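Below you'll find the structure, written out as structure tokens, and then a few comments.
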Amino acid sequence: MTETEMAGNFIHDIIDDDLAAERLTKGVHTRFPPEPNGYLHIGHAKSICLNFGTAKKYKGLCNLRFDDTNPSREETEFINSIKQDVRWLGFDWQNRLYFASDYFQTIYECAVQLIKAGKAYICELNAEQMREYRGNINVAGTSPYRDRPIEESLRIFEEMKAGKYKDGTYTLRAKIDLASPNFVMRDPVIYRIQHSYHQRTENEWCIYPMYDFAHPISDAIEGITHSICTLEFENHRPLYDWVLDNLSFEARPRQIEFARLNLTHTVMSKRKLRRLVEEGYVNDWDDPRMPTISGLRRRGYTPEAIKDFCDRIGVAKSNSTVDINLLEHCIREDLNKRADRIMAVLQPLKVVITNYPEGKKEWMILENNPEDAGRGKRQLAFSREIYIEATDFMEDAPKKFFRLRPEGEVRLKGAYIIKCEEVIKDALGNVVELHCTYDPETKSGSDNSGKKVKGTIHWVNAKTAIPVKVNIYEHLFNNENPEDVPEGVDFVDTLNPESLKVIENALIEPIMPMVGEKFQFLRQGYFVVDQDAMPDEIIFNRIVSLKDSYKG
RNA sequence: UGGGGUGUGGCCAAGUGGUAAGGCACCGGUCUCUGGAACCGGGAUUCAUUGGUUCGAAUCCAAUCUCCCCAGCCA
């Protein structure tokens, strides 16, 4: 995404039309309306980028509004995390932080207005009866209370509000069309009795408006011009319009639906994510394997990468599942330019350079980021004993293996070319150490040997390297679409058992990294310092591996 | 069986009657002291299908099919 503008889409076409027809006298105004009952995920990021990005593109405004119309499932913990996540992504609602609960009085008055106009009535069907009386595709619904006198509805509604009735005794229904082929329009409930404590309004109310009633009213109150939501609300649009048609707000918001994001190798439904957390399949909402914003943040994703991703996937109306490769591409691209390189050995294999004098030490010069000379260079100690990656040595190596092999030569990044002279094994035949010789003529920066080797490997100096813990993350699920499991199979049974591998004793160059700092471990991937890291125990999370075209 | 949507290469996605953008993935190649990055090149005779209109159709019309959503006092 460029600094100022996101890619166009069908919603912007609609706005362009509205602008051309001069329907938008006060400019474009959108809103991001999360329900505070869970953590935000990458799918919400798409919506956030769309809403805030659209406002920015048209020099309009975007509000943050919590849809807190159901007190039984909402918590302040979520409100705080949502605010933090939106802010972290880089969006600013300025002073326009709202709650649907701010409008409860107005919404209530709207309900009264509808009753007085004969457009809403008190129904006393219970939930089960309501289902039966709704009819079906072929049969129209009914309600014995549809023609209840206005005065009576008004009185009962007043009593409901006053707390005279138990939950479920009565509902307020919009009088629309019980025969509508769209079930949403079969006299939908717009108010229900719910004696529960509300985080914001506390015990002021015991009746709460339904989403379908509260949302259009909230939009109208805030002067929202384009109310962007996901596809499953398409059936609700006639009701959204009905509510506005039958009340008298000046503003006339318009609902537009787009397809929610799906990603391969992960799940996105709140219910499933909640299960992963509550049943301990992951550590928490911010587990680096989670597709939550907080999980991605802890994993080391940057807001820039996420926004770039959201811009690249586009906005349309067809259900689709984006390849997680694209997300990974976005973070690699971002970090390639920004992350300093260091050398880290995940599986150390000791190498003794037999012809290198004992006690001798040289300072090697390495660039911090070849993509950005401005990041400068650093010095690295080199001496007789080093560690290389165990996987960079192979006894019976295939031809295309460009790393170390018996009798073979390889370049140590930023240092010398070494030759493997002897392989030391333990009693079980495992390779435990290599004896190599180095060629003094091949020092980086002053190589006059004319020698060419095919491979360059990373290393750390045995004396100065520091041990760290590294979390290697893989996809949460091996299968592309874990939402779609065979009948009778629980999706948690398809979790990737190797989504987290902990390496306790990796070795890195001597550095003092800060929590959240990101690096490229040369030839391996991008890593971030986990928030749980301590001065005496550094923990890295692998953000994403480097691409690897080696076909071994 | 009713209503609402959707269908462009493996995955996203432009295209709005004038002869199929772009990205990811994939496959070649160049270059490289990261098998990274960068850079070149490759791919839809075809836009769900079948008809029709037109000089000309992914775009217009008709029919058919696919997949998704809807009968919560959830959002």
Side-chain angles (χ1 to χ4, degrees), chain A residues 7-9 13 33-35 37 67 69-70 72-74 123 125-127 130-139 141 167-173 180-186 188-194 207-208 210-212 214-215 229-238 257 259 261 264 270 309 311-330 332-333 336-337 341 343 366 370-371 400-403 410-417 442 444-445 447 452-458 480 520-525 545-552:
Chain A
N9 56 57
D13 292 345
E35 183 190 11
N37 72 339
D67 232 320
T69 55
N70 188 343
S72 66
R73 43 189 253 174
E74 294 151 4
C123 184
L125 257 19
N126 64 35
M130 185 91 70
R131 207 172 309 126
E132 288 164 21
Y133 281 69
R134 189 159 358 244
N136 57 44
I137 287 167
N138 307 305
V139 180
D167 289 8
T169 320
Y170 293 104
T171 57
L172 179 66
R173 294 230 253 167
S180 172
N182 180 356
F183 290 103
V184 173
M185 299 297 272
R186 314 253 267 219
V189 170
I190 57 178
Y191 257 95
R192 78 284 213 182
I193 301 171
Q194 200 170 116
I207 56 171
Y208 293 94
M210 300 290 290
Y211 164 88
D212 282 324
H215 208 83
C229 64
T230 44
L231 249 30
E232 66 270 28
F233 291 102
E234 219 157 10
N235 295 329
H236 297 239
R237 193 170 61 220
E257 312 84 13
L261 170 69
T264 58
K270 257 184 207 172
F309 170 76
D311 194 48
R312 290 186 193 224
I313 56 177
V315 177
K317 293 193 69 163
S318 63
N319 287 308
S320 60
T321 302
V322 175
D323 193 332
I324 199 162
N325 272 312
L326 180 58
L327 217 211
E328 295 183 343
H329 167 82
C330 291
R332 283 192 190 103
E333 190 173 80
N336 179 46
K337 294 175 304 199
R341 274 60 170 167
M343 293 200 282
L366 284 95
E371 306 293 320
K400 291 279 181 88
F401 186 79
F402 300 150
R403 287 108 91 165
V410 75
R411 161 141 247 138
L412 294 174
K413 174 71 183 177
Y416 297 99
I417 290 177
T442 58
S444 273
D447 186 339
K452 284 275 179 194
V453 287
K454 200 69 176 148
T456 300
I457 64 173
H458 58 276
E480 273 205 355
Q520 183 195 101
F521 287 2
L522 224 61
R523 301 206 307 132
Q524 311 204 82
S545 69
L546 246 34
K547 280 182 57 170
D548 184 5
S549 62
Y550 173 62
K551 299 166 200 73

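Proteins get letters first, then strands, A, B, ... in listed order; numbering begins at 1 in each. Computation of the quantities below employed the complete heavy-atom set of this structure, encompassing side-chain atoms and omitting hydrogens, waters and symmetry-equivalent molecules. Being a predicted model, the structure only gives us computed values, none of them experimental.
- Comparing the P positions of A25(B) and C67(B) gives a spacing of 30 Å, expressed to the nearest Å.
- Taking every side-chain heavy atom of Glu371(A) into account, G36(B) is the closest of A75(B), G36(B), C24(B).
- Look at the P atom in both U45(B) and C11(B): the space between them is 15 Å, to the nearest Å.
- A stacked arrangement is assigned to Phe402(A) and the six-membered base ring of G35(B), with a centre-to-centre distance below 5.5 Å and an interplanar angle below 30°.
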_What verdict does the side chain to side chain contact (heavy atoms under 4.5 Å, CB included) test give for Glu234(A) and Lys317(A), after you've listed the backbone C-alpha separation in whole Å, the side-chain angles of each residue and the deciding distance to 0.1 Å?_
CA-CA 11 Å; Glu234(A) 219 157 10; Lys317(A) 293 193 69 163; 2.4 Å; yes
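- Heavy atoms of Ile417(A) sit nowhere under 4.0 angstrom from any nucleic acid atom.
- Taking atom CZ of Arg523(A) as the reference point, atom P of U32(B) lies 18 Å away to the nearest angstrom.
- Although no hydrogens or angles enter the test, the distance criterion places no donor-acceptor pair under 3.5 Å between the side chain of Asp323(A) and the main chain of Thr264(A).
- Leu326(A) comes within 4.0 angstrom of sugar-phosphate atoms only, judged by non-hydrogen atoms across all strands, and of no base.
- Atom pair Glu257(A):CD and A75(B):P shows a separation of 18 Å (rounding to whole Å applied).
- At whole-Å resolution of the value, NZ in Lys337(A) and P in G36(B) are 19 Å apart.
- For Phe233(A), the listed nucleotide lying nearest its side chain is A75(B); candidates were U34(B), G2(B), A75(B).
- At least one side-chain nitrogen or oxygen of His329(A) sits closer than 4.0 Å to the OP1 or OP2 atom of C24(B).
- Between Thr169(A) and Ile457(A), it is Ile457(A) whose nearest contact on RNA chain B lies nearer the 5' terminus.
- Side-chain N/O atoms of Arg237(A) and base N/O atoms of G4(B) include no donor-acceptor pair closer than 3.5 Å.
- For the pair Asn319(A) CG and U66(B) P, the computed distance is 17 Å after rounding to whole Å.
- Atom CZ of residue Arg192(A) and atom CD1 of residue Ile207(A) lie 10.5 Å apart, to the nearest 0.5 angstrom.
- Taking the P atoms as reference points, G41(B) lies 35 Å from U50(B), given to the whole Å.
- Here, U59(B) and A48(B) have their C1' atoms 15 Å apart, quoted to the whole Å.
- Counting only heavy atoms from C-beta outward, the side chains of Arg312(A) and Cys330(A) approach each other to under 4.5 Å.
- Rounding to whole angstrom units, CE of residue Met210(A) and C1' of C73(B) are separated by 6 Å.
- With hydrogens and angles disregarded, no donor-acceptor distance shorter than 3.5 Å links the side chain of Thr171(A) to the backbone of Arg173(A).
- Across all strands, Asp13(A) comes closer than 4.0 Å to base atoms (heavy-atom distances).
- At the phosphate of A13(B), OP1 or OP2 sits under 4.0 Å from a side-chain N or O atom of Ser318(A).
- Going from atom NE2 of His236(A) over to atom P of C69(B) covers 13 Å, rounded to whole Å.
- Classified by its glycosidic torsion, G18(B) falls in the anti category, the angle being over 90° from 0.
- As judged by a 4.0 angstrom heavy-atom cut-off over every strand, Ile313(A) is placed among residues touching the sugar-phosphate backbone only.
- Considering only side-chain atoms of Thr456(A), the nucleotide from C74(B), G23(B), G35(B) that sits closest is G35(B).
- Side-chain atoms of Lys317(A) lie closest to U6(B) of the nucleotides U6(B), A75(B), C73(B).
- Considering only the side chain of Asn70(A), A75(B) comes nearest among G10(B), G2(B), A75(B).
- Applying the 4.0 Å criterion to OP1 and OP2 of G72(B), one finds that Arg134(A) has a side-chain N or O inside that range.
- Rounded to whole Å, the C1' atom of A71(B) lies 38 Å from the corresponding atom of A14(B).
- Comparing the same atom, C1', in A63(B) and in A75(B) gives a spacing of 38 Å after rounding to whole Å.
- Arg332(A) comes within contact range of no nucleotide atom at all, as no heavy-atom separation falls under 4.0 Å.
- The two residues Arg403(A) and Ile457(A) have their closest heavy-atom pair at CG-CG2, 3.7 Å.
- Applying the 4.0 Å criterion to OP1 and OP2 of C74(B), one finds that Arg192(A) has a side-chain N or O inside that range.
- Not one side-chain nitrogen or oxygen of Lys454(A) sits closer than 4.0 Å to the OP1 or OP2 atom of U32(B).
- Rounded to an integer number of Å, the gap from Asn182(A) CG to G3(B) C1' is 6 Å.
- One atom, CG of Asn235(A), and another, P of G2(B), lie 15 Å apart when rounded to the nearest Å.
- Heavy atoms of Asp67(A) sit under 4.0 angstrom from primed sugar atoms or phosphate atoms, though from no base atom.
- Side-chain contact between Leu326(A) and Phe309(A): present, with at least one pair of heavy atoms (C-beta onward) separated by less than 4.5 Å.
- G2(B) and C70(B) make up a base pair, with Watson-Crick or G-U wobble contacts both under 3.5 Å.
- Here Arg131(A) lies in heavy-atom contact (under 4.0 Å) with sugar-phosphate atoms only.
- At the phosphate of C74(B), neither OP1 nor OP2 sits under 4.0 Å from any side-chain N or O atom of Thr69(A).
- Between the side chain of Gln520(A) and the base of U34(B) there is at least one donor-acceptor pair of N/O atoms closer than 3.5 Å.
- Residue contacts shown for Asn336(A) include a base, since a base heavy atom lies under 4.0 Å away.
- Comparing G4(B), G36(B), A75(B) by their closest approach to the side chain of Glu234(A) singles out G4(B).
- For the P atoms, the distance from C47(B) to G52(B) is 15 Å, rounded to whole Å.
- Here the closest heavy-atom approach between residue Ile417(A) and residue Thr442(A) is recorded as N-OG1, 3.0 Å.
- Spacing of C1' atoms, U6(B) relative to C39(B), comes out at 39 Å, to the nearest Å.
- Here the OH atom belonging to Tyr191(A) is positioned 10.0 Å from the OG1 atom belonging to Thr69(A), to the nearest 0.5 angstrom.
- Once the 5.5 Å centre distance and the 30° plane angle are applied, the aromatic ring of Phe183(A) is found stacked with the base of A71(B).
- Nearest nucleotide to the Tyr550(A) side chain, out of A37(B), G35(B), U34(B): G35(B).
- RNA chain B is contacted by both Glu232(A) and Ala316(A); Ala316(A) maps to the nucleotide lying nearer its 5′ end (nearest heavy atom per residue).
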